[in-house]
Chemist: 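To start, I am sharing the structure in question, which I have written as structure tokens.
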Amino acid sequence: MTQQPRSSTSTSMSTSTSTSGSTSVKGTGAPAATSSSAPPYPPLAEPRPMAEHRVWPRTFHDRLTAPLPGLKAVARFAREGAVRPGPEGLADIPRLPYAPGPLPRVDARTVAVTWAGHASWVVRIGGLTVLTDPVWSRRILGTPARVTPVGVPWSALPGVDAVVISHNHYDHLDAPTLRRLPRDTPVFAPAGLGRWFHRRRFTRVTELDWWEAAELDGVRFDFVPAHHWSKRTLTDTCRTLWGGWVLTDADGRRVYFAGDTGYGHWFARIGRRHPGIDLALLPIGAYDPRWWLRDVHCDPEEAVRAAQDVGARRMAPMHWGTFVLSAEPVMEPLTRVRAAWQRAGLPREHLWDLPVGASRLLE
């Protein structure tokens, strides 16, 4: 969801704009901030057993990188009421990029990503099909209906081998979508969120803390920090953890799914521990008003800096153009991220600014 804290700081990284379908891109690129030959620092943890039973703290408030809003901030937000764009900001809804195409054919040596919308991706890696924060619903609690359709029909999905969840906000953890999955689907979730899945009879739920990992059929799933928070009811603020995921195949190809996050110091640390990230899926929307959202949602310029901080060779923007969650004009995130990328002097073809429903391949 979009209500939220204000963040601490720390210290930035393209495709064709409206291409539909899938395009193949070789694994070459401008030098990343972190060399793929550099050893991780500190070394990565050994993978934990899948679906192990664990006991977690009652709260994760100590992981916040900024305090939650106080009464004064909430009163200001209610007074100003700047939670949606005005008519001019909504006028471009018909221009939002939507170009669904068939899922690309892949093998175990190919990495492919398809943007279903918002933070939902179909990631094909190491022979697995992985869904990130799957939201196939037309509407989520407390938010107007989606303004672009889902980019991949549920019926077009291959068998889903795993799901990764970044945190429990309704636009990232969608019960109606998850009910469509077989209950033995492997789920990778933040610490404390396993109970939610177990109540819904999921049987293979692996909960991880920051910097922990598990492995499924040769693909490594590392849970990494984010500048965000968690809340799903009136009484569960920060009772479960939040974060992003680094997926690494047997050949060392890496995809970083940032989930939902503000800008800050974690990006550089993620890059040191996971050198040579091939693609970063980073949020660029839901950032206005800035005084309210800067600590939990990157704006487009910060997303480019974050991609550079993690040393990613390519960046694919997400978390925009699907649900209207905040006050910026609906097309502004795309315009600004393209301009920021150009100002940073980064190769245009390494900004994978996909339309909803489109795919890209790393071979």
Side-chain angles (χ1 to χ4, degrees), residues 1-11 56-86 89 118-119 133 140-144 165-173 190-193 195-196 209-210 223-244 258-270 282-303 305-306 309 319-320 323-329 332-333 336:
M1 307 281 290
T2 59
Q3 300 101 318
Q4 224 339 43
R6 305 202 339 187
S7 143
S8 14
T9 15
S10 283
T11 344
W56 299 108
R58 179 174 171 79
T59 177
F60 293 93
H61 273 87
D62 61 319
R63 307 297 184 88
L64 291 169
T65 46
L68 297 173
L71 289 177
K72 286 185 177 179
V74 172
R76 177 183 172 186
F77 185 78
R79 184 173 64 250
E80 295 181 358
V83 294
R84 297 287 183 271
H118 202 53
D133 288 359
I140 55 172
L141 185 67
T143 300
I165 301 295
S166 64
H167 66 300
N168 71 357
H169 287 161
Y170 281 87
D171 57 325
H172 295 259
L173 180 65
L193 199 51
R195 183 180 302 177
W196 188 93
D209 202 343
W210 289 348
F223 189 52
V224 296
H227 298 271
H228 206 61
W229 68 312
S230 69
K231 182 181 180 68
R232 200 166 174 88
T233 72
L234 294 175
T235 60
D236 69 349
T237 302
C238 296
R239 293 287 180 87
T240 64
L241 197 50
W242 52 92
D260 210 352
T261 180
Y263 180 75
H265 68 286
W266 288 127
F267 294 113
R269 297 191 185 187
I270 292 166
L282 283 162
I284 65 167
Y287 51 80
D288 189 28
R290 207 72 200 113
W291 67 268
W292 176 255
L293 292 167
R294 68 173 176 262
D295 296 325
V296 292
H297 288 163
C298 290
D299 65 23
E301 293 77 15
E302 289 169 335
R305 290 166 61 196
D309 288 354
H319 205 269
W320 79 281
F323 296 104
V324 179
L325 300 175
S326 55
E328 72 271 5
E332 183 180 280
R336 285 176 54 174

Chemist: Testing the 3.5 Å rule here: is there a donor-acceptor pair between the side chains of His118 and Asp171?
Modeler: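 Note: His118 and Asp171 side chains meet the donor-acceptor criterion.
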Chemist: Can you name the ring-ring contact (aromatic ring centres under 6.0 Å, His included) partners of Phe267, sequence neighbours left out?
Modeler: Tyr263
Chemist: Whether the side chain of Arg232 engages the backbone of Leu173 through a donor-acceptor N/O pair (distance < 3.5 Å, no angle test) should be reported.
Modeler: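 Here the side-chain-to-backbone pair exists.
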Chemist: His167 and Trp229: aromatic ring centres closer than 6.0 Å?
Modeler: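 No, ring centres 6.0 Å or more apart.
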Chemist: Could you pull out all residues at least two apart from Arg239 that satisfy side chain to side chain contact (heavy atoms under 4.5 Å, CB included)?
Modeler: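 Residues passing side chain to side chain contact (heavy atoms under 4.5 Å, CB included) with Arg239: Arg58, Asp236.
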Chemist: Taking the six-membered ring of Tyr287, is the NZ or CZ of Arg294 close enough (under 6.0 Å from the centre) and on axis enough (within 45°)?
Modeler: no
Chemist: Of all residues at least two apart in sequence or in a different chain, which pass the salt bridge (charged side-chain N to carboxylate O under 4.0 Å, His left out) check with Arg336?
Modeler: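 So Arg336 forms a salt bridge (charged side-chain N to carboxylate O under 4.0 Å, His left out) with Asp299, Glu301, Glu332.
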Chemist: Do His227 and His265 touch side chain to side chain, with heavy atoms closer than 4.5 Å?
Modeler: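 With C-beta onward as the side chain, the pair touches.
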Chemist: Using salt bridge (charged side-chain N to carboxylate O under 4.0 Å, His left out) as the criterion, list what pairs up with Asp288, not counting sequence neighbours.
Modeler: none
Chemist: Which residues satisfy the side-chain hydrogen bond (donor to acceptor under 3.5 Å, both in side chains) test with Trp56, sequence neighbours excluded?
Modeler: Glu207
Chemist: Taking the side chain from His228 and the backbone from Trp242, do they hold a donor-acceptor pair closer than 3.5 Å?
Modeler: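 Not confirmed, His228 side chain does not pair with Trp242 backbone.
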Chemist: Is there a donor-acceptor pair under 3.5 Å between the side chain of Asp133 and the backbone N or O of Ser166?
Modeler: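 Side chain of Asp133 to backbone of Ser166: a pair is present.
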Chemist: Just say parallel, tilted or perpendicular for the rings of Trp210 and Trp266, cut-offs at 30° and 60°.
Modeler: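 Taking Trp266 first and then Trp210, their aromatic rings stand perpendicular (interplane angle over 60°).
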Chemist: Does Arg195 have any salt bridge (charged side-chain N to carboxylate O under 4.0 Å, His left out) partners at least two apart in sequence or in another chain, and if so, which?
Modeler: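 Arg195 satisfies salt bridge (charged side-chain N to carboxylate O under 4.0 Å, His left out) with no residue once adjacent residues are dropped.
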